Amino acid sequence: MRWTQAFIPTMREAPADAEAPSHQLLLRAGYIRQVAAGLYAHLFLARKSLLKISQIIREEMNRIGAQEFYLPALNPAELWKETGRWDQVDVIFKFKDRNAHDLCLGITHEEEMTNIARQELHSYKQLPQIWYQIQEKFRDEPRPKSGLLRLRQFLMKDSYSFDLDEAGLDVSYQKHYDAYCRIFDRCGLKYQVAEAYSGMMGGSYSHEFMAPTDAGEDLIAVSDCGYAANLEKAQSKAPPVEDPPGEGAPEAFPTPSQKTIEQLVAFTGESPARMIKTLDYMVESKPVVILLRGDHTLSETKLAMALGTGVFRPATPEEAFALHHAHLGSLGPVNLRGVRILADSALAGRRDMMTGANQDDTHLRHVTPGRDFEAEYHDVRVVAEGDLCMRCGKPLRVVKTMELGHVFKLGRKYSEAMGARVLDETGKEVTLVMGSYGIGLERILSAAAEQNHDQDGLFLPRPIAPFEAIITAANMDDAAVREAGEKIYREAQTQAVDALFDDRPERPGVKFKDADLIGAPYRVTVGKKRLEQGMVEIFQRSTRQARPVRLEHAVGALKEELDRGC
RNA sequence: CGGGGCGUGGCGCAGUCUGGUAGCGCGCUUGCCUUGGGCGCAAGAGGUCCCCGGUUCGAAUCCGGGCGCCCCGACCA
C-alpha cells in the first residue's frame with residue numbers, strides 16, 4: 001500500500017477524552033475514531049490488524065478441530081427466557097420489532113449454540129463438537145471506557161464445546177487452554193493465565209488469560225511457583241503477626257472520636273494487623289457480623305461463596321446500631337449474642353487483639369478470638385500484596401491486568417435449561433456437558449498497544465501489526481531516492497512483505513514522526529546521503545536500532561529480521 | 001446508579017466570573033521556499049459557541065431544562 005492512497009489520519013495531539021496510552025495512540029495513529037461512548041469505527045489500520053488477529057485465532061481454533069459458524073447477532077427473546085438470562089443479565093440490549101416481538105443483541109451465544117445443539121445432536125456418536133464464531137457482541141455497559149478496552153459493541157471469538165460427560169469436557173477445555181496459549185503467543189503478547197472466579201455454579205472451573213498492563217481493570221495475584229489467580233478468587237496465607245503473650249481478659253479503654261482503623265492506629269500506636277475490623281452485613285434480611293484483620297479488605301465475591309448467596313448488602317448505620325447498641329466506629333464481636341459471626345481465617349489463632357467495645361468512643365484490648373467470641377472462619381479477604389502463596393509460601397505479587405480471554409467449564413447449566421440431550425451408547429438420554437470460551441479481539445489490539453509503545457507511538461508485534469514495515473523515502477523530490485523507494489516497495493510486494501510505502505511529498509521529519517506512530521515494527525529508510533553509497537537503513541522501531549544495508553539486499557535483510565521475530 | 005470534570009472550526013485550547021463585531025496554536029488550501037526528525041514566508045478557506053426555552057436593546061457568557069463525552073466509585077453474563 002502507498003501512503004498517498006491510504007487513509008491513515010494521524011494526529012499530532014491526542015483528543016482530550018483519551019487517557020489510556022492505547023486509546024490515545026490508536027486515535028493518533030489513525031486506527032480508530034469514536035462514534036459514541038463505547039462505539040468505535042475501525043479504520044484501515046485497525047481493521048487490518050484485527051483481520052490478522054482473527055486469522056491467527058481462526059488457524060488455532062481450526063487446529064483443535066473447532067468449526068467456524070456465523071450466527072445472527074440479533075436474537076429472539078425466547079431462547080434467553082428459557083435460560084433465564086433475559087431477566088438476569090442487565091447488560092443486554094433489548095427492544096421490540098414492529099410486531100412487538102422481544103429481541104435482543106447477543107452478549108454471548110450460549111443460547112443460540114445450545115439451541116442448534118439440541119435440535120441437531122442426537123447421539124453420542126456425534127460428539128464431541130466444538131463450534132465457534134468470530135462475531136460482534138453487544139453489551140449495554142454501565143460505563144464503557146478506555147478506548148477499545150470496554151466497548152458496547154466488540155468483536156469476540158466465542159466457542160462452545162459439547163461433550164457427553166465431564167471427562168470429555170476436560171479434553172475440550174484443555175484443547176482450548178492450549179489453543180489460547182498459542183494464540184496469545186503468536187500475537188506476541190505478554191500474558192498470565194489466572195484461575196478465575198467461576199460464580200455460584202458449583203463445580204465450575206475457569207481460567208482467564210490476562211495481559212499485564214496499567215490500563216487493565218482486573219487485579220491478579222501471581223506467585224513465582226506458577227500460581228496465579230484473579231483477586232476475586234485468589235487465596236493466600238497472611239504473613240504471621242507476632243501477638244504479645246498477654247493473657248489478660250478484655251479490657252475497655254476510652255478512644256474518643258477514634259472511628260477508623262487508621263485513627264486507632266495513630267491513637268494507640270498499635271499496628272493495624274493487631275486490630276479486628278467489624279463489618280455488619282444484611283444477608284437475606286438477617287444481620288451477619290464479619291470480622292477482618294484491621295489491614296485486610298473484605299472480598300464480597302468470597303463472602304458470597306462463604307454465605308452461599310449473593311443476596312446481601314452492607315448494613316445501614318441504624319441496623320448496625322440496633323445490633324451493637326453503639327455507633328459505627330466502636331463495633332466489635334465480644335458479648336454479641338444471637339447473631340451469626342463470620343471471621344476471616346487470618347484471625348484464627350490470634351491473641352490479645354484490639355476491637356470495638358460496642359460502646360461509643362470505647363475499644364477493647366486483650367481480645368482473643370475463640371476465647372472472647374466464637375465465629376465461623378472462612379477466607380473472605382482480598383489478597384494483599386506481600387501475602388504468602390498457599391502453594392509455595394513465597395510472597396504474592398498483585399498485578400494489574402486486562403482480561404483477554406476466558407475459558408469456562410459451563411457444565412449442564414444451559415443444556416439442562418434448554419433440554420440439549422443425546423442418547424449414550426446404552427440408549428440412555430444424557431444431558432450435554434458444555435464449555436464456553438471467549439476472546440476479545442479489540443482487547444488483543446489494545447493490550448498489544450499498551451505493552452508496545454513509547455511516547456512517539458506504537459510498535460506492535462509483527463504478526464498483528466497492520467504493516468510489517470514502512471518504507472520511508474525521505475525526499476520524494478529526489479529522483480534517486482524516490483526510485484530506490486519504489487524498487488524496495490516492488491520487491492517487498494514480490495517477497496510477500498506487507499509493507500507501507502510512504503511516498504508522500506512531505507518533509508522527512510513528518511514522515512519519520514508518522515512512521516514512529518503507526519505501529520509497524522520496522523522502517524526501511526531511503527535517504528540521499530546513504531543512497532549515494534548504495535545503502536539504505538533498516539530501523540527497528542522497538543529498539544530504535546538502525547543498521548545500514550545495501551539497497552539490493554534491503555528486502556532480504558528486512559525479511560531476515562522479521563523472521564527472526566520481533 | 002453515586003461523585004467529579006468537560007462540551008467554542010478537524011485536533012489542542014483561551015474567551016464565560018464582570019453580557020457588547022468569536023480568538024490563538026496545530027492541521028487544511030494556494031504560491032514561494034525548504035528536504036534525515038512535525039522547516040520558513042505570504043495569502044486564504046473553515047464555527048448552528050452541544051440542544052431547547054427564558055431574561056435582555058443585545059447571550060458563547062446570566063437563568064431553567066435537556067443531551068452528549070471523559071474520569072473515579074458501584075456494576076461487569
Side-chain angles (χ1 to χ4, degrees), chain A residues 9-20 23-24 27-28 30 33-40 80 83-93 104-111 137-147 149-152 154 156 158 196-201 204 206 208 215-218 230 232 300-301 310 313-314 402-403 406 408 410 413-414 417 436 438 440 455-457 472-482 502 504-517 523-532 535-537 539 544 546 548:
Chain A
T10 59
M11 287 187 289
R12 190 189 290 240
E13 289 174 287
D17 280 349
E19 210 156 87
H23 187 195
Q24 294 189 349
L27 282 167
R28 283 190 53 208
R33 286 295 181 263
Q34 185 172 30
V35 174
L39 299 174
Y40 284 84
W80 292 74
T83 61
R85 290 214 291 176
W86 180 265
D87 294 312
Q88 286 162 16
V89 180
D90 72 340
V91 294
I92 303 177
F93 277 108
C104 67
L105 295 171
I107 54 167
T108 56
H109 281 75
E110 277 82 359
E111 279 79 358
K137 294 287 183 283
F138 299 85
R139 296 182 190 183
D140 192 0
E141 288 284 349
R143 183 147 97 85
K145 58 177 277 196
S146 303
L149 188 54
R150 200 195 301 191
L151 296 161
R152 292 196 292 175
F154 57 98
M156 182 186 238
D158 49 317
Y197 172 61
S198 40
M200 245 156 294
M201 296 175 279
S204 278
S206 78
E208 290 169 328
E217 37 184 15
D218 283 289
N230 195 300
E232 289 180 334
E300 291 202 346
T301 311
R313 59 169 173 82
M402 181 189 301
E403 181 183 355
H406 202 153
F408 200 91
L410 286 178
K413 179 178 173 179
Y414 295 88
S436 90
Q455 282 208 319
D456 293 322
T472 300
N475 178 3
M476 287 300 285
D477 286 341
D478 184 302
V481 167
R482 187 178 64 235
D502 189 351
R504 295 174 301 170
E506 293 285 351
R507 293 177 55 81
V510 174
K511 301 176 94 166
F512 291 141
K513 286 291 183 191
D514 276 346
D516 286 349
L517 230 198
R523 183 181 85 204
V524 180
T525 318
V526 187
K528 192 173 168 200
K529 257 211 184 115
R530 282 216 192 273
L531 194 58
E532 281 165 5
M535 309 289 280
V536 297
E537 253 169 31
F539 174 86
R544 295 192 166 280

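Naming convention: chains lettered A, B, ... in sequence-line order (proteins, then strands); numbering from 1 in each chain. Note that this is a predicted model, so its numbers are computed, not measured. Just the heavy atoms: all of them, side chains too, but no hydrogens, waters or symmetry mates, feed the values below.
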Output yes when at least one side-chain N/O atom of A:R12 is less than 4.0 Å from OP1 or OP2 of B:G27, else no.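 Indeed, a polar side-chain atom of A:R12 lies that close.
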Side-chain N,O (A:Q34) to OP1/OP2 (B:C70) below 4.0 Å: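 Yes, within the criterion.
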Partners passing salt bridge (Lys or Arg N to Asp or Glu O under 4.0 Å) against [X] (at least two apart in sequence or in another chain):
X      : value
A:R507 : none
A:E537 : A:R530
A:E208 : none

Considering every strand and a 4.0 Å limit on heavy-atom distances, what is the contact class for [X]: base, sugar-phosphate, or nothing?
X      : answer
A:V510 : base
A:E537 : base
A:R33  : nothing
A:D478 : nothing
A:R313 : nothing
A:K145 : sugar-phosphate
A:S436 : nothing

To the nearest angstrom, how far is [X] atom [atom1] from [N] atom [atom2]?
X      : N     : atom1 : atom2 : answer
A:R507 : B:G40 : CZ    : C1'   : 9 Å
A:R150 : B:C69 : CZ    : C1'   : 16 Å
A:H23  : B:C69 : NE2   : P     : 12 Å
A:H406 : B:C76 : NE2   : C1'   : 12 Å

Along nucleotides 1-12 of chain B, 5' to 3', which nucleotides get a B, which get an S, and which get a -, given that the test is a protein heavy-atom distance under 4.0 Å? ----------BS
Nearest-Å distance once atom P is located in both B:C17 and B:C63: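 It works out to 9 Å between them.
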For A:H109, what residues pass the ring pair (Phe, Tyr, Trp, His ring centres under 6.0 Å) criterion, not counting sequence neighbours?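 Once residues adjacent in sequence are excluded, A:H109 has no partner under the ring pair (Phe, Tyr, Trp, His ring centres under 6.0 Å) criterion.
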Please identify each residue that fulfils side-chain hydrogen bond (donor to acceptor under 3.5 Å, both in side chains) with A:R143, with sequence neighbours left out.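 None.
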Nucleotide of B:G37, B:G36, B:C75 approaching A:A474 most closely (side-chain heavy atoms):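 Nearest listed nucleotide: B:G36.
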